[in-house]
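Reckoned from all heavy atoms, side chains included, excluding hydrogens, waters and symmetry mates. It should be emphasised that the depicted structure is a prediction, and the values quoted were computed from it without experimental measurement. So that the names make sense, note that chain A is the first sequence line, chain B the second, and so on, each numbered from 1.
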Amino acid sequence: MSSTDAAPAAGFAETVVRWQRASGRHGLPWQGTRDPYRIWLSEIMLQQTQVATVVDYYLRFLARFPDLRTLAAASQDEVMPYWAGLGYYARARNLHRCAREICERLGGAFPRRAEDIAQLPGIGRSTAAAIAAFAYGERAPIMDGNVKRVFTRYFGIYGNPAARAVELQLWDTAQAMLDAADASLDMGAYTQGLMDLGAGCCTRGKPACTLCPLAGGCYARINAKQHELPAPKPRKQAEERQCAMLILEQDGCVLLEQRPSSGIWGGLWCLPQYDDAQAMRAACRSQGTDPGPAQRMAALSHTFTHFKLHIEPWLLRGAAPRLRQPAPGQAWTPVAALADTALPAPVRKLLCGLYPTDGLL
DNA sequence: GAGTCGTGGGC
DNA sequence: TGCCCAAGACT
């Protein structure tokens with residue numbers, strides 16, 4: 001159920017462009033360029049991640065990997081530390097894989113059409129359209145969280161925006177706005193304007209309708225339904241899980257192990273993790289390490305999107321003069337090198353508390 | 001369609 | 001404090 005017919009489409013895109021030029025965001029580090037590499041990198045980092053969080057990661061990443069070839073020439077282990085803490089690590093693995101594919105199979109030339117860009121790993125329809133719009137001016141619509149908020153409210157589109165039928169309606173509506181726009185439409189400004197509206201005016205909590213250039217034709221504004229749209233997604237209760245983590249320290253080194261590429265924290269380096277303290281002790285003994293002197297540290301919990309993890313950390317400072325042979329996938333890491341290691345946020349937090357003077361991020 | 005995949009900010 | 005969600009994509 002919606003009121004798509006009631007909301008005016010004429011002048012929609014041009015209104016957004018005018019507002020973007022006057023009141024939108026202009027100084028972000030990935031703006032003011034048509035370099036598809038920089039635009040692509042920013043769009044991947046910005047997936048499900050707020051602008052304020054991305055800025056520092058983006059600048060640091062770009063300084064180390066300034067172009068496609070530099071990224072393709074690096075190993076994944078060189079890339080991951082620059083993504084550690086940002087989350088959704090499959091994005092980094094896909095980014096790296098994508099750089100290699102473009103360099104090896106496409107001669108280093110970034111594809112130009114949104115349809116082709118969307119074939120690359122980690123790039124869906126919306127991200128492909130954003131890259132094509134910013135880099136090449138292609139008239140392809142995006143559909144991210146911002147645009148969903150603006151469109152569901154402006155056109156009065158009810159139902160879970162993630163549901164198939166609703167999502168399809170949103171895409172069709174977005175395409176219709178482009179079809180109705182002037183041929184001279186500035187796609188960069190339009191695309192940016194929609195996101196700026198969603199981030200600045202059409203926010204979830206208290207939308208600033210008095211500042212919105214679309215308020216005059218907006219279904220939600222006219223009918224006072226701002227707080228009913230977009231419809232909230234149904235959510236089931238988050239599961240709770242427990243684990244024990246072992247900080248095995250010896251000769252100024254900590255034992256870390258690399259996670260498999262699939263699953264949580266894929267490709268990152270973690271502390272050895274066990275279901276509980278008993279499993280941890282058994283593992284220690286089987287490797288010839290006496291778990292007896294291990295000290296229990298303050299617990300911490302970490303909330304993911306779909307579950308909550310309660311971590312019970314144990315500290316075991318070795319007395320033996322020599323490092324034991326690490327198991328496959330494990331590595332003794334000097335404390336001084338932790339700052340450059342790809343650690344998940346809670347592990348970094350834990351080790352920061354233990355080695356506060358070592359300049360971890 | 002429903003799960004999986006991180007982290008931090010806002011209220 | 002807990003809950004929602006952010007420039008989504010993939011299985």
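Under a cutoff of 6.0 Å and an axis angle of 45°, A:Arg281 and A:Trp314 form a cation-pi pair.
Counting heavy atoms of neighbouring residues, nucleotides and ligands inside a 6.0 Å radius, atom CD of A:Glu101 exceeds 12 of them.
With the nearest nucleotide of DNA chain B identified for both A:Gly205 and A:Leu268, A:Leu268 has the one nearer the 5' end. Nearest-nucleotide positions on DNA chain B for A:Phe307 and A:Ala163 put A:Ala163 closer to the 5' end.
First and last contacting nucleotides of DNA chain B toward chain A (any atom under 4.0 angstrom from a heavy atom, 5' to 3' order): B:dG1 to B:dG9.
Between the A:Arg112 side chain and the A:Glu138 main chain, no donor and acceptor come within less than 3.5 Å of each other. With hydrogens and angles ignored, the 3.5 Å screen pairs no side-chain donor or acceptor of A:Arg221 with any backbone N or O of A:Ala215.
In this structure, A:Pro161 reaches neither bases nor backbone, as no heavy-atom distance under 4.0 Å exists between it and the strands shown. Here A:Thr191 lies out of heavy-atom contact (under 4.0 Å) with every strand.
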| remark: With sugar-phosphate taken as primed atoms, P, OP1 and OP2 and all else as base, the protein-contact string of nucleotides 1-11 of chain C at under 4.0 Å (heavy atoms; B, S, -) is -S-SSBBBSS-

| query | Would A:Glu240 and A:Lys308 count as a salt bridge (charged side-chain N to carboxylate O under 4.0 Å, His left out) if you check the C-alpha gap in whole Å, the side-chain angles of each, and the deciding distance to 0.1 Å? | reply | CA-CA 5 Å; A:Glu240 311 238 351; A:Lys308 187 169 185 177; 5.3 Å; no

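C:dC4 sits 15 Å from B:dG3 when the P atoms are compared, rounded to a whole Å. The separation of B:dA2 from C:dA7, taken at their P atoms, amounts to 24 Å, rounded to a whole angstrom.
Under the 30°/60° scheme for interplanar angles, the aromatic rings of A:Tyr154 and A:Phe12 are found to stand perpendicular.
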